[in-house]
Number of protein chains: 2
Amino acid sequence: MRMESKLINMGKQQNFKVGELMPGLSVDNVIFGFHDNQLKVLLLECMNHRDWMLPGGFVLKSESTDAAAERVLYDRTGLNNVYLQQFHVFGDPSRSRDSLMSSAMKSMELPFETDNWFKQRFVTIGYYALVEFEKVVPVPDSISASCAWHDTDKLPRLIFDHKDIIANALTSMRHHLNYQPIGYNLLPKEFTMKNLQSIYETILNRKLDRSNFTRKMLAAGILDKKEKLFAGGAHKAPYLYSFKKKEYLKVLKDGFNNEF
Amino acid sequence: MRMESKLINMGKQQNFKVGELMPGLSVDNVIFGFHDNQLKVLLLECMNHRDWMLPGGFVLKSESTDAAAERVLYDRTGLNNVYLQQFHVFGDPSRSRDSLMSSAMKSMELPFETDNWFKQRFVTIGYYALVEFEKVVPVPDSISASCAWHDTDKLPRLIFDHKDIIANALTSMRHHLNYQPIGYNLLPKEFTMKNLQSIYETILNRKLDRSNFTRKMLAAGILDKKEKLFAGGAHKAPYLYSFKKKEYLKVLKDGFNNEF
DNA sequence: TCAAAAGTGTTAGCCATACACCCATGC
DNA sequence: GCATGGGTGTATGGCTAACACTTTTGA
């Protein structure tokens, strides 16, 4: 086997030899952003058909799975040091049996060994990331036609089990909400209470009472109320808030809603 | 490479060829049981030194990771159809660099290829299982001297990062407690309220108010109060309870404490 | 001036907490 | 009978849900 000498494209940054990669193991990132009071997810458009996929990649033999996910995130967004959370492993052998993907791979005319690499069964580790929308410059990888944000409630057709992976990421976040605050990584420095509430409503998939939400958030003691008002909107101008980083991290660590 | 022809012992049930396994991927089970109002975990004692390890195994190329974990669980306990939950992936390349384990492997005088198999870097998927203590007949695998229960708060020395894995399993359970009932798989048909409370207290690592715990559990509507009393104890005889399976499963699915 | 967005206030009801009190039993 | 374990009751405070009222602003 001379497989080790073949190169696999791992994004625009680097190519790696097959022999340097963990065989059959990948990471897939569900990258969430927030814009227009809508939760968005970053997707790649496959080169040869109209389907989309999650930004993903392989794991180097020398790196941790977390590092692999960070690398993928960096390659697609240019961002470092963001909230990145492993949430589930997708290990069904049939998960990558996708006729569309296979035909796409075929039309790419990959060299034999690389083709075989892609065709093997993969176990993938799902990570979700929360990133600041404005800071992201989406970068497609070499096998993708484009890289773009999509509303989480209006997803395009996705390859493999990627739709399930996104749904699972949302459910995991919903559970994490019960013992962690959220928003620090999703929102810009200053934001309105409505922005924050919209994030919670999207993740929880239900409306929250405005008044009660404000009270609860302020009670958590992680917000700074600015004197400045939000400009540009129609109607009454809302206050701007920012997170108190120290307190936010403390609540993140010690628990938010400590149940039981 | 003739590695494919070498056999790896996968427990007392079967041997598998190396070529049939996912390389570098394993599952490790944290199997919880409950006895004497104490939470226990099932461990294997390494053949050649005094350290212990979690029951684990490799993933067949043809099976799902969940199925691999079920297989491991069955081999060590003889149990099927129990609560088995994936909770975290341990993917640090240095996690299996354990001098004790390496020396243990050395002393086992494994054939070269098999030795190499064990020495490669492994990413392991952590599962935790909740099983009925009385129903388990612990079975060591071929490389272990014994298989026995240990109190979760008095663990022996463990290889690799297995101590971290157990701690992580407990934390994950603690979080799951907030939206799932627990106990159905850990307790025998009939049990006392104190038994159930002890499980919660162990997992949450703090004392709960007896009166309030009873009220909360009864309010959930998943318990049947038996007329029979628990016999044999000193002092006042407590009532026996059993789970209402249908209601239990409904609460398991729909959520227990729906927060937010 | 009016509708919509946002700030603030109020109330009822539920639930967690922290006990208090009583009963049953073995020593 | 008394210490202990276990069943039951209750007062309190806090939080949530629901909604009312006010303020600000652009159209």
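Just so we're on the same page: letters track the sequence lines, and every chain starts at 1. On a predicted model such as this, the values are computed, not experimentally measured, just so you know.
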(request) May I ask you to test the Leu223(A)-Phe243(A) pair for a side-chain heavy-atom distance under 4.5 Å? (result) yes
(request) Indicate yes or no: at least one non-hydrogen side-chain atom of Met53(B) is less than 4.5 angstrom from one of Ser144(B). (result) yes
Figure out the [atom1]/[atom2] separation between [X] and [N], and round it to whole Å.
| X | N | atom1 | atom2 | result |
| --- | --- | --- | --- | --- |
| Lys194(A) | dT8(C) | NZ | P | 17 Å |
| His235(A) | dA27(D) | NE2 | P | 8 Å |
| Asn195(A) | dA5(C) | CG | C1' | 13 Å |
| Phe213(B) | dT17(C) | CZ | C1' | 16 Å |
| Lys226(B) | dG7(D) | NZ | C1' | 19 Å |
| Tyr239(A) | dA6(C) | OH | C1' | 10 Å |
| Leu218(B) | dG7(D) | CG | C1' | 11 Å |
| Met217(A) | dC15(D) | CE | P | 14 Å |

(request) Using only side-chain N and O atoms of Lys225(B), determine if any of them is under 4.0 Å from OP1 or OP2 of dT8(D). (result) yes
(message) OP1 or OP2 of dG7(D) versus the side-chain N and O atoms of Lys236(B): is any pair under 4.0 Å?
(response) no
(message) Is there, by distance only and without an angle test, a donor paired with an acceptor across the side chain of Arg210(B) and the base of dG5(D) below 3.5 Å?
(response) no
Nearest-neighbour nucleotide for the [X] side chain, [options] considered:
| X | options | answer |
| --- | --- | --- |
| Pro238(A) | dG9(C), dG7(D), dA6(C) | dA6(C) |
| Asn212(A) | dA17(D), dA4(C), dG7(C) | dA17(D) |
| Asp209(A) | dA18(D), dT16(D), dA6(C) | dA18(D) |

(request) May I ask you to check whether over 12 heavy atoms, not counting those of Lys244(B), lie within 6.0 Å of atom NZ? (result) yes
(request) Check the surroundings of atom CZ in Phe133(B): do more than 12 heavy atoms from other residues, nucleotides or ligands lie under 6.0 Å from it? (result) yes
(request) Look at the aromatic rings of Tyr128(B) and Tyr83(B) and report parallel, tilted or perpendicular, splitting at 30° and 60°. (result) tilted
(request) Starting from the 5' end of DNA chain C, give me the residue, Tyr241(A) or Arg215(A), whose nearest nucleotide shows up first. (result) Tyr241(A)
(message) Categorize Ser211(A) for me: base, sugar-phosphate, or nothing, with a 4.0 angstrom heavy-atom threshold over every strand shown.
(response) base
